[in-house]
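Worksheet: the structure to be examined is printed underneath.
What you see is a predicted model; the values in this text were computed from it and never measured. Letters A, B, ... mirror the listed sequences (proteins, then strands); counts begin at 1.
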Amino acid sequence: MRYLNVAEKNDAAKNIAAILSRGASQRREGFSPYNKIYEFDATVMGQQAHMIMTSVSGHLLNYEFGPSFRNWKSCNPVALFDAPVVKMCPEDYQKIKRTLEREIRSCQGLIIWTDCDREGENIGFEIIKVCSDVKPNLRIYRAKFSEITAASIFRALNTLGQPNKNVSDAVDVRQELDLRTGAAFTRLQTLRLQRVFPQKLADRLISYGSCQFPTLGFVVERYQAIQDFIPEPFWKIKMNHTVNDITTEFTWKRDRLFDKNACEAILDICKESPNATVEKVEGKPKSKWRPLPLDTVEMEKTVSRKLKITAKDTMKIAEKLYTQGLISYPRTETNIFPKELNLANLVTLQQNDQRWGAFAHRIMNEGGPAPRQGKKSDQAHPPIHPTKHADNLTGNEQRVYEYIVRHFLACVHKDAQGFETVVTADIAGEKFTAKGLIILEKNYLEVYTYEKWNAKEIHSYQQGDTFIPSVLELYEGATAPPKLLTEADLIALMEKHGIGTDATHAEHIDTIKTREYVGLHENIYFVPGTLGMGLVEGYNNIGLEVSLAKPILRADFEKDLKLICDGLKDPEVVRREQIQKYRAVFETVVEKMRQIDECLANRLADRPQVVEDEHYENVEVRPVLKCPKCGNDMTIRNKKNNAGKFISCTGYPDCRNAIWLSQNVETIEVLDESCPQCGPNVKLVKMKFKQNVFVGEPNPNTLCIGGCDINVLEALDINLSSVKRTNGVRNNQNHNIHQANANNVPNNNHNNGHTQNHPNPRRDSWPSNTTTFNPTPGPSGPSNRSNTTMNQDDIVCACNLEAVQLTVRKDGPNKGRKFYKCKNQTCDFFLWASDEPSNANTTINSQQQNDVKCKCDLPASRRTVSKEGPNKGRPFYCCPKPMGQGCGFFQWADEDNDGGGDGGPGDDGHGGGPQRRAPKTKTSRGAPPYRAKRKCSKCGQEGHTKNKCPN
DNA sequence: GCAAGGTC
């Protein structure tokens, strides 16, 4: 049995391989220089196995918008909430992907060794996808480990489990939402504000991110709190007592008063009889607690405060120390050591160090490590601790390593012990207290040099002692505003509100600095810049239920993600709800953008330019149909150099299915309505042609290109296999014709009063074509005129101009026939001068039964219901005129001609009584396009097109 | 040129 083992990063693969192979692995190269391959033998589930170990480098796949949405001006940013997204392997990860694809071929099993957190689980599924695509039916296992130590790794191998899809799904939802919201708001802000404030913002990227904005919001909020702060004066009584150079400071029990007169009055009373009496002397042991086991956030905060290294640098250094095997995984939320972790061994590892080796010895000599237990656990990684001794580090790496070791040794030792004395004295009824502290045992403080515990010496008092204070006076102070946020404060706020992960707090802070939303005051305090201030004020003031600059939106999202992980909420539901939520916010922002301009104008001290709405190319967002090859959506895109349109699979480049439209297609719009014949996945499209392909029909025309009408596909030169799953059987044309009629003719009012899209379902290739359907005017043309005697003066084209009468000169069955068309040739109007049926009339006319007449007194057409339902196969008569222009006559062919009947052939439940209802002339949506047989444009015969013309 | 999350 051969297993491919995949870790999340190369160093992890290397270390795991070293452990499992007991140092005897063979190294090979992958396609990527970073991700090596290690080979060795091991025992897996009691059996000898050959192991191939390699790694990815974090996520292997990433969500991206479909190609037509990547250009910033390709679409209105709001479209990004619906735009198709695909998971792609970025170019610089292709080599890693290829390595996996190559290596899995020789294996029967796959073991996922990614980090045991949410992202790791998702990365695991990415690896599974890539490998399964190449090799289905793999045995797939998940190794769960919390640190790369022999014990943990062997335990993982001996307790292999299954990957957790719920956890991975949550990450997918998170990724998609972050992409959509980030891109939509970033484009909106950047494109607009660059033009509104060209002087100040022309070259600025004004990004939005669901983490960076709330982080900015914290900085602004604190800054505003300081700005809004009004100091309030207060007064207190200061009292101290000096004996033999020792000054004991007493604190007034009332602390402070905000009324000067009252304070002065009390002081006066005290001064009248200033003799202080010691009422009580209390002594009690006092501890200073050792730190909790170290988690990421605590490390970032303390290192930032004490070592003045930014959180971003700290994490970078910690990552490096981890990959060198010197410390445990640095991204952890856990502050409880697992029972199985051998702390004594870890302490012993540090015993030879010159700086803290003696302390490590002392721990072992005083009962061994005894950590405090925190309350947090991510169930994935233990608290950060040293895993190896190192004394060759330098610079900040050394400082961070030293901090981690000292913290570890401190947290497994003992609290510092002291003795506190509290003295209470009375002066004229006012109480004062003084505290003294004697430190008995420094314990952890001896190694944890980042904290101080100062002893405070006070005079030795006994109960009943009296003394005259050395100082007894009024002290005037004022309340002070809160301080500006430090990085440690900011991280604490992010953690509290669930903004970002332990691994990313530092990056978000760095981002808002890079964007110049915030700056640093005295190098440690965060202050908002003018842009950041204006943006937050803008978003806070436009009446959003929840401002984008507040943490609530993201925090709510995180709660949902947790529910997905726990299997309590459907990821698809969360995805839909969250998209909807953010889209609503986006729409409000767009609506109120001018208010945001004003806030920014105020802060930037710049006048906003009046700008027109951004022009977008308006890519069609709605999918036209599902790709028959891969099932992804197919959407309309522009060809290169604006040379027309095509409909492309959003699975590109994995799926290269495309529907190429000729340059004759001027516009194409996807309608809301699905094709009743092709089903809900195929939308009708409205196409406008430069030169009308379907002469006599309206232009633009509503069509289905889903393959239900082979004529449409042929006319547009669309390959059936690109729109429909084919198994070698072509669609039945007659079926389609019948279906169309059955749906539309007798019972065409079942769509909210709308009727057929095609007032004229017949088409021809005007007028040089030799086929002889009866073309009639488009929607704007004069209806019902084709059957009456017409003067040329009566004929008005779609431009509302008098039409010109011409004669067909081209050889063919229509040679010599007269027709009308637009005299300026600005519209596609066409009308035969006479409605005499041509001798080439086919399909419809061939079905006419001359003994039944419609209300126009024309021989009615006999047709058959082909739509599924109780009337399928039943013959009926209807007006032969095109939809929208006939009389609406309907009669079952198998019943007496009594004008009654039990309803039309439609099976939509709306049957009964609509038989004689005249079709409305307005176009409708929802009814299937009516199609007739198409004829060859070369010879005029049915059954083939010009491309396949045998003549 | 967008996000956040992995990592190199």
Side-chain angles (χ1 to χ4, degrees), chain A residues 6-14 30 32-36 55-65 69-75 77 79-81 83 85 87 89-90 92-93 95-96 114-127 167-168 170-194 201-215 315-316 318-320 322-324 329-331 494 498-512 514-515 548 553-554 557-558 561 578 582 586:
Chain A
V6 187
E8 191 162 315
K9 46 192 159 284
N10 183 51
D11 280 287
K14 179 178 156 189
S32 159
Y34 296 112
N35 307 80
K36 311 291 183 191
S55 75
V56 287
S57 289
H59 281 288
L60 187 56
L61 307 174
N62 195 20
Y63 274 118
E64 287 178 23
F65 289 113
F69 294 87
R70 288 179 199 162
N71 184 300
W72 278 41
K73 293 194 177 176
S74 65
C75 65
L80 298 175
F81 289 102
V85 288
K87 265 203 173 180
C89 178
D92 48 345
Y93 283 73
K95 286 183 175 173
I96 299 170
T114 49
D115 297 341
C116 288
D117 52 20
R118 263 190 213 175
E119 298 297 328
E121 210 63 21
N122 187 267
I123 293 167
F125 276 89
E126 293 174 354
I127 295 163
V167 173
S168 174
V171 173
D172 279 344
V173 174
R174 198 266 311 149
Q175 289 177 335
E176 185 179 333
L177 254 294
D178 284 339
L179 174 64
R180 290 189 189 281
T181 56
F185 283 103
T186 300
R187 288 186 195 180
L188 175 73
Q189 291 181 162
T190 306
L191 292 174
R192 180 180 174 88
L193 297 176
Q194 283 186 347
L201 303 177
D203 302 320
R204 298 277 282 273
L205 174 65
I206 306 162
S207 65
Y208 163 82
S210 56
C211 290
Q212 51 180 271
F213 250 58
T215 306
M315 288 311 292
K316 211 167 153 185
E319 180 71 33
K320 194 169 175 192
Y322 167 68
T323 55
Q324 289 172 345
Y329 190 69
R331 295 182 202 118
M494 293 171 79
I499 301 302
T501 68
D502 304 347
T504 60
H505 291 148
E507 285 177 30
H508 300 314
I509 294 171
D510 194 61
T511 301
I512 61 173
T514 309
R515 298 278 186 266
L548 283 176
L553 272 177
R554 178 76 192 190
F557 185 31
E558 279 293 333
L561 295 179
Q578 290 290 337
Y582 274 95
F586 187 89

What does [X] touch in the nucleic acid at a heavy-atom separation under 4.0 angstrom: a base, only the sugar-phosphate, or nothing?
X        : answer
A:Thr501 : sugar-phosphate
A:Tyr63  : base
A:Asn35  : nothing
A:Glu64  : nothing
A:Arg180 : nothing
A:Tyr329 : sugar-phosphate
A:Ala503 : sugar-phosphate
A:Gly120 : nothing
A:Thr186 : sugar-phosphate
A:Tyr93  : base
A:Arg554 : sugar-phosphate
A:Asn122 : nothing

Check whether any side-chain N or O of [X] sits under 4.0 Å from OP1 or OP2 of [N], and answer yes or no.
X        : N     : result
A:Gln212 : B:dA4 : yes
A:Gln175 : B:dA3 : no
A:Ser55  : B:dC8 : no
A:Arg515 : B:dA3 : yes
A:His59  : B:dA4 : no
A:Ser207 : B:dA3 : yes

Per A:Arg174 side chain, nearest of listed nucleotides B:dG1, B:dC8, B:dG5: B:dG5
Nearest-nucleotide pick for A:Asn62, side chain only, options being B:dG5, B:dC8, B:dC2: B:dG5
Using whole Å, what does the distance between atom [atom2] of nucleotide [N] and atom [atom1] of [X] come to?
X        : N     : atom1 : atom2 : answer
A:Phe586 : B:dC2 : CZ    : P     : 17 Å
A:Leu188 : B:dA3 : CG    : P     : 14 Å
A:Ile127 : B:dG6 : CD1   : C1'   : 11 Å
A:Asp510 : B:dA4 : CG    : P     : 12 Å
A:Glu8   : B:dC8 : CD    : C1'   : 13 Å
A:Phe185 : B:dA3 : CZ    : P     : 14 Å
A:Asp178 : B:dA4 : CG    : C1'   : 5 Å
A:His508 : B:dA3 : NE2   : C1'   : 9 Å

From CA spacing to verdict: side-chain contact (heavy atoms from CB on, under 4.5 Å), A:Ser210, A:Leu553: CA-CA 8 Å; A:Ser210 56; A:Leu553 272 177; over 6 Å; no
A:Tyr63 vs A:Asp172, side-chain contact (heavy atoms from CB on, under 4.5 Å): CA-CA, chis, key distance, verdict: CA-CA 9 Å; A:Tyr63 274 118; A:Asp172 279 344; 3.8 Å; yes
Over 12 foreign heavy atoms within 6.0 Å of NZ, A:Lys14: no
Greater than 12 external heavy atoms within 6.0 Å of A:Asp92's CG: yes
Residues that A:Glu176 engages under salt bridge (charged side-chain N to carboxylate O under 4.0 Å, His left out), provided they are two or more places apart: A:Arg180, A:Arg575
Under the salt bridge (charged side-chain N to carboxylate O under 4.0 Å, His left out) test, residues paired with A:Lys320 that sit two or more places apart: A:Glu397
Non-hydrogen side-chain atoms of A:Arg515 and A:Ile206 separated by less than 4.5 Å: no
Aromatic ring of A:Trp72 stacked on base six-ring of B:dG1, 5.5 Å, 30°: yes
